[in-house]
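Comments concern the structure below.
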Amino acid sequence: MALDAKIPKGPIKDKWTDYKNNINLVNPANKRNIDIIVVGTGLAGGSAAATLAELGYNVKAFAYQDSPRRAHSIAAQGGINAAKNYQGDGDSNYRLFYDTVKGGDYRSREANVYRLAEVSGNIIDQCVAQGVPFARDYGGLLDNRSFGGVLVSRTFYAKGQTGQQLLLGAYSAMNRQIARGKIEMFNRHEMLDVVKIDGKARGIIARNLITGEIERHSAHAVVIATGGYGNVYFLSTNAMGSNATAAWKIHKKGAYFANPCFTQIHPTCIPRSGDYQSKLTLMSESLRNDGRIWVPAKIEDAKAIQQGKLKPTQIPEEDRDYYLERRYPAFGNLVPRDVASRAAKERCDAGYGVNATGEAVYLDFASAFERYGKEQAKIHGIKNPSKEEIIKLGQKIIESKYGNLFQMYEKIIAENPYETPMMIYPATHYTMGGIWVDYNLMTTVEGLYCIGEANFSDHGANRLGASALMQGLADGYFVLPYTIGDYLSQDIRTGKIPTNTPEFDEVEKEVKDRIDFFINNKGTKSVDYFHKKLGKVMWDKVGMSRNAKDLTAAMSEIKAIREEFWKDVKVPGTANEMNVELEKAGRVADFLELGELFAKDALIREESCGGHFREESAETDGPQKGEAKRNDKDFAFVSAWEYKGEPADAVLHKEQLEFKDIELKQRSYK
Amino acid sequence: MNLTLKIWRQKDSNAKGQMVDYKVTDISEHMSFLEMMDVLNEQLVNSGEEPVAFDHDCREGICGMCSLYINGEAHGPDRGITTCQLHMRMFNDGDTITIEPWRAAAFPVIKDLIVDRMSFERIQQAGGYISVNTSGNTQDANSLPISKHAADEAMDAATCIGCGACVATCKNSSAMLFVGAKVSQYALLPQGQVEAADRVKNMVAQMDLEGFGNCTNTGACEIECPKGISLENIARMNRELMKANLL
């Protein structure tokens, strides 16, 4: 099947307006006869469910947690971008569009990104009307801050809990519709497959996670909003339950999976401390504004630190390697996320890591203490202050800026970051790949939509900060409600979709057979054993830095783990009860297939792009020598994979990307 | 560290539960409490037993899913944190640790350490929202200035993660800290004023219907709250309710 992105004609700034003026609408009386299933109730799914119900459709919403308020959108800290230009610093829809396309390393679709920028302002109005307590200045107006890589202040925030507050806004809008009976909420339910009738998505099979009951749910359209697949690495900043099952199952039923190898690695996570570790914790990127990143310059010092024989504070200034400042003098410690991540890994791989596992670098605030301290001493008229006094004054300033982060670090690591430098290391954070969708957010299966992080559409290869929340809410509140209406206008005479059909029988049987397999398999190893094994291959060979040899090896290693999994996995308990191991088994089975496709996608992309350094594709001379080299001539496309059984047999379809409004440029951080 | 764990096991909501003893060895002080539980569960799965079911998700203290009652304290012995942020360095080698589910009639046990917090959902559905259309055709966000003080106070109330520690720790199983926080967030903002009276009446009525007890100003909820939600919110809820009933 040829990919048709269905991008409307006309100038980019008029596309969305013209589109909205020309689509078919559904009469309010007919909306009452149309059912929509929304799977996942984070920022994208929650806002979509609330808005579709508001419009008058009957919505059935599904979440694996006990409440939509617990979706992982809640953990986003920094903020949400919007081109409001409240600061009068020159922001506009075009600038937000430009920054997002450039930040995505020119691997996203222009028309989608422009629309995202265009509706961004509405998001803020909507959330404020819902009572989201955004930060305000003393005049009572909304406050903004700036995020890395951007020249304007367009980030709206609610303390360090912006994701939480935006999600609670969408959740409260959902609650209003649940109370009205327009949303039927299925908490602690997991979608296990999609049901197609005459080629159209017409329902799902779900498992009630409390009783184990397998349920059939029908609808005129199905919306997948289940977030990203970062847990394919086992260790990531994602919530433990975040999974790819719904997205993977629709892929197996005909939805193409796009750019699976595009993930974002975040440079400032708390490092792993041992094999028991279950997940990684992110420290806000804002710390890099004041912290200096270094490792010992001498390998013997690094070894002594790893063995606990030397403390970082004992290493004199001249024996420290501030490698970001050395390599990237123009941007220093504020290079983009991917550059900082790769540089940290390069030093650690060379043996200069600073904790017992050798996978950590220092983030040091000592010079910031001194800088702020001297300033404070001047402000307060303290003459000839001692070094101790200066440090103390400076620490107070740092505390007022990042106190909660310092406290969080101390809780986890049990070291006082005011006295000794913090340790950080990169970790998998956000996945930019996902289900392929057209301009309507429809997948390659008719009537099957995919929104938010679960789709691929707006971020290209390297999401900037504060963009993910924006896309989730834009899709759910303002894009899908229009596009899905155009599709459903064909369905006003269809009537209720029955669930007692052969199509439902068949898919339900597939789901039940798989569950029975897990329960009856007499294996010897736990689900986590396989998940950790997969994660290690993914991180070592399909992580930040990739090459053809390792990727090929990874594909066969993952296949071998998968085969072992199906032979030897052990799941205690029964199917007809709450069974946490059974839930995990199904999710890991899907990650074991997705992981291999991920490696295959990375293998064909023979260019360094966004966060992904392809070792074979680096600049060979000039000032950029050794840096990542993108290849627009051969790779300005979206890779969309069609399922054909084994992940290795997946068929590649290319959506060529056209850049009519923005000129393609190589990036430079020297 | 080697530890003895006394854990509440209960097959489902109808079964009778009991405390069961387990031993775990080689626990690192760097582990989080939930990672220690993972070690136990891996051990149980390997020996063919059913692992202990417990609620958790983000493991960074914000989703509000984790919920253990540890040695008689909601979220364990440390202050201002959720169970996923509790670390084993708070315990000593050889300790016996008692682990129970949240205790409250309005939070029935689903399995082992997992309880049903749907009562919190129903309270919010009774009025924990502002009745605004999600069309995006609302007024410009800056056309309604809100004082920084009010916005900050609303934010402090909105910080509640709905974990239920306040209920579990209260001798009356009162949900007033939770409901007070929700009522306060909207009561402090101009957008929430129009329906403020109905909101507080409906939410409090639902809270009573769910079987939560009353507040007797003990203040244990505030002490155990991982997000430091203040008792002032309960006072504000009571004022709002009185105002609603008088007018």
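Note that the structure is a prediction, hence the values are computed from the model and not measured. We use all heavy atoms of the structure for the numbers below, so side chains are in, but hydrogens, waters and symmetry mates are not. Chain A is the first sequence line, chain B the second, and so forth, proteins listed ahead of strands; every chain is numbered from 1.
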Heavy-atom check, side chain of [X] versus side chain of [Y], under 4.5 Å:
{"X": "Met578(A)", "Y": "Asp12(B)", "answer": "no"}
{"X": "Met36(B)", "Y": "Tyr276(A)", "answer": "no"}
{"X": "Lys148(B)", "Y": "Asp137(A)", "answer": "no"}
{"X": "Met155(B)", "Y": "Gln161(A)", "answer": "yes"}
{"X": "Pro572(A)", "Y": "Glu49(B)", "answer": "no"}

Identify each donor-acceptor pair in which a side-chain atom of residues 166-174 of chain A lies under 3.5 Å from a protein atom, sequence neighbours left out, and give them as a table.
unit_1: Tyr171(A); atom_1: OH; unit_2: Glu121(B); atom_2: OE1; d: 3.1
unit_1: Tyr171(A); atom_1: OH; unit_2: Glu121(B); atom_2: OE2; d: 2.9
unit_1: Tyr171(A); atom_1: OH; unit_2: Gln124(B); atom_2: NE2; d: 3.0
unit_1: Ser172(A); atom_1: OG; unit_2: Leu168(A); atom_2: O; d: 3.4
unit_1: Ser172(A); atom_1: OG; unit_2: Gly169(A); atom_2: O; d: 2.8

Using non-hydrogen atoms only, which part of [X] is less than 4.5 Å away from chain A: side chain, backbone, both, or neither?
{"X": "Ile114(B)", "value": "side chain"}
{"X": "Ser143(B)", "value": "neither"}
{"X": "Glu50(B)", "value": "both"}
{"X": "Val52(B)", "value": "neither"}
{"X": "Ser131(B)", "value": "both"}

Within the side chain of Gln85(B), is there an N or O that forms a donor-acceptor pair under 3.5 Å with the backbone of Lys411(A)? no
Quiz prompt | Check: Arg117(B) side chain, Ser67(A) main-chain N or O, donor-acceptor pair, under 3.5 Å | solution = no
Where does [X] contact chain B at under 4.5 Å (heavy atoms): side chain, backbone, both or neither?
{"X": "Tyr477(A)", "value": "both"}
{"X": "Thr524(A)", "value": "backbone"}
{"X": "Ile123(A)", "value": "neither"}
{"X": "Gln277(A)", "value": "both"}
{"X": "Gln164(A)", "value": "side chain"}

Salt bridge [X]-[Y], side-chain N to carboxylate O under 4.0 Å:
{"X": "Asp140(B)", "Y": "Lys84(A)", "value": "yes"}
{"X": "Asp116(B)", "Y": "Arg188(A)", "value": "no"}
{"X": "Arg70(A)", "Y": "Asp57(B)", "value": "no"}

Minimum heavy-atom distance between [X] and [Y], given as atom pair plus value:
{"X": "Ala151(B)", "Y": "Phe134(A)", "result": "CB-O, 4.1 Å"}
{"X": "Arg136(A)", "Y": "Asn142(B)", "result": "NH1-OD1, 4.2 Å"}
{"X": "Gly131(A)", "Y": "Leu189(B)", "result": "O-CD1, 3.4 Å"}
{"X": "Ala141(B)", "Y": "Val128(A)", "result": "CB-CG2, 3.8 Å"}
{"X": "Pro51(B)", "Y": "Glu581(A)", "result": "CG-CG, 3.4 Å"}
{"X": "Ala158(B)", "Y": "Gln165(A)", "result": "O-NE2, 3.1 Å"}

Choice from [options] maximising heavy atom contacts with chain B below 4.5 Å:
{"options": "Gln65(A), Arg69(A), Lys525(A), Gln130(A)", "answer": "Arg69(A)"}
{"options": "Glu54(A), Gln126(A), Lys570(A), Arg176(A)", "answer": "Arg176(A)"}
{"options": "Val580(A), Val527(A), Ile413(A)", "answer": "Ile413(A)"}

Taking distance alone, no hydrogens or angles, what donor-acceptor pairs closer than 3.5 Å link side-chain atoms of residues 58-66 of chain B to residues at least two apart or in another chain?
unit_1: Arg59(B); atom_1: NE; unit_2: His56(B); atom_2: ND1; d: 3.3
unit_1: Arg59(B); atom_1: NH1; unit_2: Ser278(A); atom_2: OG; d: 2.9
unit_1: Arg59(B); atom_1: NH1; unit_2: Asp38(B); atom_2: OD2; d: 2.8
unit_1: Arg59(B); atom_1: NH2; unit_2: Asp38(B); atom_2: OD1; d: 3.1
unit_1: Arg59(B); atom_1: NH2; unit_2: His56(B); atom_2: ND1; d: 3.4
unit_1: Glu60(B); atom_1: OE1; unit_2: Lys279(A); atom_2: NZ; d: 2.7

Sorted by chain and number, sequence neighbours left out, salt bridge (charged side-chain N to carboxylate O under 4.0 Å, His left out) with Asp198(B) holds for none
Discussion item. Does anything in residues 77-84 of chain B reach chain A? List residues with heavy atoms under 4.5 Å apart, or say none.
Written reply: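 Hits under 4.5 Å: Asp78(B), Arg79(B), Ile81(B).
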Checklist line | Evaluation steps, side-chain contact (heavy atoms from CB on, under 4.5 Å), between Ile412(A) and His87(B) | finding: CA-CA 7 Å; Ile412(A) 294 176; His87(B) 277 73; 3.9 Å; yes
